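Read the structure below first, then the notes.
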Number of protein chains: 2
Amino acid sequence: MARTKQFDEEVMLNNAMLFFWHKGYNGTSPQEILDELKLSRSSLYDTYGDKRSLFISALKRYRSSVTVEIIEFLASAENIPEALKTLFQRTKAQCFVGEEKRGCFMVNSKVELAPHDEEVAAIVKENREALENAFTAAIKRGQEKGQLSKDNPPRSLARFIMNNLWGLSVHSKSGADKKVFDDIIRITLSVIK
Amino acid sequence: MARTKQFDEEVMLNNAMLFFWHKGYNGTSPQEILDELKLSRSSLYDTYGDKRSLFISALKRYRSSVTVEIIEFLASAENIPEALKTLFQRTKAQCFVGEEKRGCFMVNSKVELAPHDEEVAAIVKENREALENAFTAAIKRGQEKGQLSKDNPPRSLARFIMNNLWGLSVHSKSGADKKVFDDIIRITLSVIK
DNA sequence: AATATAACGGAACTTTTGTTCCGCAAATAT
DNA sequence: ATATTTGCGGAACAAAAGTTCCGTTATATT
C-alpha cells in the first residue's frame, strides 16, 4: 500500500546517538544530523519528531542497550571481582575512540541537560538507580561467596564503584593519559577486595 | 579624559561565569547574558570580546580563584586527612545551590567542550595537572608525617582522590541524594587512612 | 496494472543567535 | 568650562537553527 523507508530506523537512531555523544545536544544542529545520517529533512522529522524527541529517543536507546548490557553482565557474573575489573577496563577503552575524548553518553547528557530538562533528569535518575541496584546485588553475591570484603555494605560499595566509573568519564575529558586510568582502577578495586 | 565603566569588570565576569556554570556554553545565548548581567550589548562586546572570549575568561577566572584556593588550602594544611575530608564536604555542598544540580564549572565545561575546543582542552588539562600536583604534594607530606598509609604512591592516591571528587560532580547531576554522597566520601577517605 | 498510502527532496519560513555599527552621553584631564 | 575620549543604548544585520509544507516518487496491496 505504501512506500517503504529507505533506511533502517534503528541504525539511524544509533548513528544519531553517536553524533549527540560526540557533539552534545546543544552543540548539534539538525543540519549536521542530516549530513551525518544522509537523511532527508522530512524523513528525519516524520520518523523521529523534532530534535529534542530524537535526542530523548537516543538517550533511551542507550539505556536499553548499553545500560542493560552492564546490568545483565553483572547479574550473570560468577566471579565478581573479575567482573568489576572487566567493567573498569571496558570503560577505560570506551572513553576513547581513537583520539576523541568521548566519555560516556549518559554522563555527557546529564552534565549538559539534567538541570534544565525534567525528562532527561528522570531518565538519568532511573538509569542511576537501576545501575546502583545491579551493582549492589552483584557485590552482595560477591560478599556472600567470600570473594569480596564485607567491610562496607553492598550499596555503599556500589555507589563508590559508580562514582569511580563516572570519574573516569570526566578524566577522559581532562587530557589524562592511560596511566592515570590505571592508577585509579587499581586503587578502586583494592577497596572492595 | 574619558568616561568610566558603570559596572565592575570583575564582578560582571564572575556573574557571567555563574551563568555559564548554570546553563553551559552552547546553552547560553548572548541575549541571556545581557539580561542576566543587565549590561548593554556594546559594553559586553567592548569589554570582553565575543561570547567565546567571555567564556574563556570565565574559565580562566575559575582556574585562578577556585582552583588556586584549593591548591593553597592543600599547601598550607597541617592535618592532611582532615583537609581532604573538608574538601569533600565542600565539594558536596557546592555541587548544589538550592535545588539546582550545578556540579563543578570546570567539569561541566570540559565535558561539553574539551573534545572540540583546543583552548578549553588546554586550560582543563593544565588545571588537572596543577591539582594533581597539589594533591600529590599534600598526600606525600601526610604520609611522611604518618597521617596517611603508605600503601600507595602519593600521585596514584592523588588521582584516585580527584576521580572521586569529579565523580561527585556527576552524581549531583544524576538525582542522587546526600546519603549517596556520604557513602562515597566515607569509603574514599577510608582508602587513604 | 491501478490505486492508495507513505517516503522523499527540497523550498520556504520564522526565530534566534551572534555580532557590528552609529549616534549620543558622560566623565576625566586640562 | 571645555575638549577629548570612552562608555552606553539600541538599531540593524547576516547567518544559522529549527521546523513546516508541498509536490513528486516509490512500493505494497488489491
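Proteins get letters first, then strands, A, B, ... in listed order; numbering begins at 1 in each. As a basis for the values below, the full set of heavy atoms in this structure was taken, side chains included, without hydrogen atoms, waters or symmetry mates. Note that this is a predicted model, so its numbers are computed, not measured.
Atom P of nucleotide D/dA17 and atom CG of A/Leu34 are separated by 11 Å, given to the nearest angstrom. Per the geometry, CD belonging to B/Glu9 stands 13 Å off C1' belonging to D/dT6, to the nearest Å. As a whole-Å value, the separation of B/Lys38 NZ from D/dG9 P is 13 Å. The CG-P distance, from B/Leu54 to C/dG18, rounds to 12 Å in whole Å. Regarding B/Asn26, its CG atom lies at a distance of 12 Å from the C1' atom of D/dA17, rounded to whole Å. Taking atom CD1 of residue B/Ile33 and atom P of nucleotide C/dT16, one finds them 17 Å apart after rounding to whole Å. Straight-line distance from the CZ atom of B/Phe7 to the P atom of C/dA26: 17 Å, rounded to whole Å. Rounding to whole angstrom units, CG of residue B/Leu44 and C1' of D/dG7 are separated by 13 Å.
The side chain of B/Arg41 sits closest to D/dA11 out of C/dA12, D/dG7, D/dA11. Side chain of B/Asp46, nearest nucleotide from C/dT28, D/dA11, D/dC8: D/dC8. Of all nucleotides listed (D/dT27, D/dT19, C/dT19), D/dT19 comes nearest to the side chain of A/Tyr45. In this structure, of D/dT5, C/dT5, C/dG18, it is D/dT5 that holds the atom nearest to the side chain of B/Ala2.
Among the protein residues, B/Gln31 comes within range of no part of the nucleic acid, since none of its heavy atoms lies under 4.0 Å from any strand.
Residue B/Ser43 places at least one side-chain N or O closer than 4.0 Å to OP1 or OP2 of D/dC8. For the pair A/Ser40 and C/dC8, the criterion of a side-chain N or O lying under 4.0 Å from OP1 or OP2 is not met. Residue B/Ser29 places at least one side-chain N or O closer than 4.0 Å to OP1 or OP2 of C/dT17.
Mapping B/Gln6 and B/Arg52 onto DNA chain C via the closest heavy atom, the residue that lands nearer the 5' end is B/Arg52.
Side chains of B/Lys125 and A/Ser174: no donor on one and acceptor on the other come within 3.5 Å. Checked by atom type, the side-chain pair A/Ser172/A/Ser169 shows no donor-acceptor distance below 3.5 Å. A side-chain donor-acceptor contact under 3.5 Å links A/Asp50 and A/Ser53. There is a side-chain donor-acceptor pair under 3.5 Å between A/Asp35 and A/Gln31.
Screening residues 12-24 of chain A for side chain to side chain donor-acceptor pair (under 3.5 Å) gives A/Asn14-A/Arg61, A/His22-A/Glu100, A/Lys23-A/Glu32 as the qualifying pairs, with residues at least two apart or on separate chains.
For B/Phe181 and B/Phe96, the ring centers sit closer than 6.0 Å to each other. Less than 6.0 angstrom separates the ring centroid of A/Phe55 from the ring centroid of A/Phe105.
End-to-end axis angle for the helix from C/dA1-D/dT30 to C/dT30-D/dA1, using five pairs per end and rounding to 10°, comes out at 10°.
A donor and an acceptor atom never sit less than 3.5 Å apart when one is taken from the side chain of B/Arg3 and the other from the base of C/dA26. Within 3.5 Å, a donor on the side chain of A/Ser42 pairs with an acceptor on the base of C/dG9, or the reverse.
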Please assess B/Lys145 against B/Glu78 for the test salt bridge (charged side-chain N to carboxylate O under 4.0 Å, His left out), listing each intermediate value before the final yes or no. CA-CA 9 Å; B/Lys145 285 185 180 182; B/Glu78 297 287 341; 3.2 Å; yes
